[in-house]
Amino acid sequence: MVSLPILQFEEKIVQTVQDNPVVVIIGETGSGKSTQLSQIFHRHGYSKSGVIAVTQPRRVAAVSVARRVAQELNVILGEEVGYAIRFEDRTSPKTKIKYLTDGVLLRESLSNPELSDYSMIILDEAHERSLNTDILMGLMKRLVKLRPSNLRVLITSATLDGNKVSDFFMNCPVLTVPGKLYPVEILYSNERPTSYIESSLRTAIDIHVREPEGDVLIFMTGQDDIEKLVDKLRDKVQSLEEGSCMDAIVLPLHGSLPPEMQVRVFTPPPQNCRRFIVATNIAETSLTVDGVVYVIDSGYVKQRQYNPTSGMYSLDVVQISKVQADQRAGRAGRTRPGKCYRLYPSKVYQDELLDVTIPEIQRSSLAGSVLYLKSLDLSDIDILKFDFLDPPSSDTLEDALKQLHLIDAIDTSGSITNVGKIMAELPLEPALSRTLLEANEYGCLSQALTIAAMLSAETSLLPGRSKHSEKKRKPPPDLPDGSGLGDHIQLLQIYEYWHQIDYHIGWLKDNDLQVRGMLFVRDVRKQLSQIIQKIAKGNLDVQEAESERERRRDYKNLRKALCAGYASQLAERMTLHNGYRTIGFKSQLVQVHPSSMLRTDDDGMFPDFVVYHELISTSRPYMRNVCAIEVSWVIPIMKKLENLNVNRLSGGSDQVIDGEQRKSSSLLQQKNLAIEQDDRESKIQAARERFLARKAEREQSLGRKAKK
DNA sequence: TTACCGCGA
């Protein structure tokens with residue numbers, strides 16, 4: 001422990017922090033920054049006037065680092081040293097050092113914007129640029145000015161962007177602490193391969209027959225490629241002449257693998273056996289596999305990005321950044337000197353790879369974050385001018401404002417409404433928190449709570465498709481089908497049924513539902529109920545579904561509430577086929593996702609209107625999780641769209657024109673808006689006409705059916 | 001007729 005590099009710099013660090021409100025500490029892997037910084041300042045009395053907080057982007061990290069520090073200080077976890085993550089607060093009045101996820105600290109600043117409990121806040125792993133850490137950095141910049149005498153902020157970052165963070169914090173000092181990584185030799189390919197699966201395969205086998213023992217970690221982009229490579233690698237290894245080289249085990253590693261399969265990488269291999277671990281970027285930061293000596297880096301990653309104009313996410317395979325490439329290489333040098341095989345030329349690394357990964361804040365929809373910032377009620381801060389380390393585009397911010405206005409979270413001048421204030425307290429995306437409030441008015445809050453909770457865990461419910469699922473294609477188990485109304489309703493029915501049979505675990509297994517996911521849903525639902533309790537008008541328990549469902553089989557009120565919540569996520573079916581056009585955003589042609597439970601009518605047609613939870617472009621643009629709604633609920637929303645004025649939402653820039661640039665952009669915005677509005681009016685008109693035409697057509701079709 | 005990079009409240 002004494003050998004940790006950071007301890008040699010203790011004096012210097014303490015001195016610098018004493019003299020400066022913000023300090024950036026660049027600590028490479030193995031420097032001990034996550035466990036030692038808090039202890040250093042605890043020793044130097046900083047925990048006497050308040051708690052020392054250390055944020056982490058991930059839950060497991062917050063827990064495991066807290067546990068380590070408690071051990072090192074020889075105290076009981078939860079007393080002097082504790083942690084706080086969602087659903088689990090292990091702190092006490094005695095706590096002096098508190099590890100917490102960045103999301104939890106953000107929530108805390110909602111109820112206490114000055115974070116007055118803390119004498120020091122350490123934002124750890126800031127170089128990962130998680131959305132929450134980025135927002136916290138902006139808040140910290142403001143907070144150190146408000147509390148100059150009794151708050152110290154430390155930001156830890158990786159080598160490449162240390163100076164940038166320093167610039168952001170008014171040229172604060174930057175201290176560098178060396179890490180404890182072993183050297184990693186980088187080997188480049190001469191050219192980019194035509195298939196990086198084949199190229200990875202060749203390289204892996206090459207290592208296996210030529211290099212001494214040590215595990216091989218291979219970075220691929222997704223589950224499909226991983227499964228392909230794992231199969232090929234297993235075949236190839238078996239075909240090698242017996243006794244010509246050591247044994248080998250090939251293991252896949254990615255997020256949709258069930259937990260018991262993921263932990264297999266933590267059991268060391270038998271003697272004289274090499275492991276090949278084929279992984280997504282989960283192995284870049286989240287999971288650390290011991291024993292890796294060789295890394296094969298394809299140079300690609302699958303990344304989700306948001307388009308604020310179309311409201312659509314896309315999942316694209318993109319080149320990694322230099323930071324990511326270095327991080328991947330570093331995985332080979334944790335236990336001894338290693339080698340990293342980059343399947344691209346060094347020229348590509350130098351000239352083509354971005355220096356840093358595009359931060360999450362520039363790749364996401366910001367409706368939730370903007371609402372959060374508005375609810376903090378920082379009178380000195382205008383959201384559109386909020387000081388971000390890397391500001392999101394004005395398109396993204398305007399999109400967020402537009403969405404928030406459509407669901408009544410902000411008024412026409414952009415100020416947060418009472419509805420918006422309540423919404424911000426709920427740990428949900430705005431569409432769902434708005435649905436809850438509307439459902440409360442319609443007397444179906446309990447059902448809406450269930451849907452919101454189910455959607456919060458949605459990806460971890462499905463069994464993860466695998467090639468073995470072909471035999472499972474036999475009639476799907478006895479899951480409810482959403483009465484044909486769509487996926488939200490199905491999720492509700494699944495949970496209600498599970499509740500009815502006393503949360504029986506065996507039923508989940510029989511129906512390929514992930515146990516952990518469903519338990520998570522139960523926790524989320526409980527948490528949401530507690531938060532909304534103070535305004536709830538009815539019973540919040542899961543309803544006894546049987547008689548209830550019979551009585552209102554069409555879930556009309558509930559679907560109406562969903563329509564209000566998803567006001568910016570509407571789509572209208574095309575007249576002649578089952579494609580849809582989106583309404584709130586720039587109109588796009590989209591399909592109902594093939595996994596959807598939405599049912600067609602007797603003519604094989606989907607409902608005229610739906611709301612969707614998410615728009616995602618993979619092989620084609622899809623709506624994922626849809627719910628049937630009625631045209632009469634859509635008309636008022638269209639009216640509201642007609643009258644929307646984005647300029648006013650962003651703080652009335654009609655009057656305030658400061659500087660040439662602002663002026664021109666404002667004029668441009670007005671022009672675009674005018675065009676959009678024309679477009680919109682004709683769209684609404686056309687929609688009405690199409691609706692009437694279709695109705696007539698429907699009536700005629702009765703005759704067609706009779707012929708059959 | 002097709003699907004799922006990774007985190008978090």
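The sequence lines fix the lettering, A, B, ..., with proteins before strands; numbering per chain opens at 1. In what follows, every heavy atom counts, from backbone to side chain, and hydrogens, waters and symmetry copies are set aside.
Picking from B:dT2, B:dC7, B:dC4 the nucleotide with the shortest atom distance to the side chain of A:Arg624 gives B:dC4. Distances from the side chain of A:Asn281 to the nucleotides B:dG8, B:dC4, B:dG6 place B:dG6 closest. Residue A:Ser286 places its side chain closer to B:dG6 than to any other of B:dG6, B:dC4, B:dA9. In the set B:dC4, B:dA9, B:dT1, the nucleotide with an atom closest to the side chain of A:Pro594 is B:dT1. Here B:dG6 is the nucleotide among B:dT2, B:dA9, B:dG6 with the atom lying nearest to any side-chain atom of A:Glu360.
When only modelled atom types and interatomic distance are considered, A:Thr133 and A:Glu128 share no side-chain donor-acceptor pair under 3.5 Å.
Rounded to whole Å, atom P of B:dG6 lies 22 Å from atom OH of A:Tyr306. Going from atom CG of A:Leu131 over to atom P of B:dA9 covers 13 Å, rounded to whole Å. Rounded to whole angstrom, the span from the CD atom of A:Gln303 across to the P atom of B:dC7 amounts to 15 Å. The CZ atom of A:Arg525 sits 18 Å away from the C1' atom of B:dA9 (whole-angstrom rounding). The nearest whole Å value for the distance from the CD atom in A:Gln527 to the P atom in B:dG8 is 14 Å. For A:Glu128 and B:dG6, the CD to P distance is 15 Å, given to the nearest whole Å. The CD atom of A:Gln223 sits 10 Å away from the P atom of B:dC4 (whole-angstrom rounding). Here the C1' atom of nucleotide B:dC5 and the CD atom of A:Glu284 are 10 Å apart, to the nearest Å.
Across all strands, A:Leu106 comes closer than 4.0 Å to no nucleic acid atom at all (heavy-atom distances). Contact annotation for A:Thr101: backbone-only contact, meaning every heavy-atom pair under 4.0 Å involves sugar-phosphate atoms and none involves a base. Within 4.0 Å of A:Leu315, counting heavy atoms only, lies at least one base atom of the nucleic acid. A:Arg304 comes within contact range of at least one nucleobase, with a heavy-atom separation under 4.0 Å. Contact annotation for A:Val301: no contact, since no heavy-atom pair falls under 4.0 Å across all strands.
Side chain of A:Asn578 to backbone of A:Phe606: a donor-acceptor contact under 3.5 angstrom is found.
Contacts classified as salt bridge (Lys or Arg N to Asp or Glu O under 4.0 Å) and involving residues 357-375 of chain A (residues at least two apart or in different chains) are not found.
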Could you list the donor-acceptor pairs under 3.5 angstrom formed between side-chain atoms of residues 518-528 of chain A and any protein atom two or more places apart in sequence or on another chain?
residue	atom	partner	partner atom	Å
A:Arg525	NE	A:Thr450	OG1	2.8
A:Arg525	NH1	A:Leu540	O	3.2
A:Arg525	NH2	A:Ser446	O	3.0
A:Arg525	NH2	A:Leu540	O	3.0
A:Gln527	OE1	A:Arg86	NE	2.8
A:Gln527	OE1	A:Arg86	NH2	2.8

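Neither OP1 nor OP2 of B:dT2 sits under 4.0 Å from any side-chain N or O of A:Thr618. Residue A:Thr280 has a polar side-chain atom (N or O) positioned under 4.0 Å from OP1 or OP2 of B:dG6. Side-chain nitrogen and oxygen atoms of A:Arg59 include none within less than 4.0 Å of the OP1 or OP2 phosphate oxygen of B:dC7.
Proximity of the aromatic rings of A:Tyr566 and A:Tyr612 is defined here by a centroid distance below 6.0 angstrom, and this criterion is not met.
Looking at which nucleotide of DNA chain B each of A:Arg363 and A:Pro57 is closest to, the 5′-most match is held by A:Arg363.
Here the options are A:Gln303, A:Arg304, A:Gln305, the test is side chain to side chain donor-acceptor pair (under 3.5 Å), and the partner is A:Asp316; only A:Gln305 passes.
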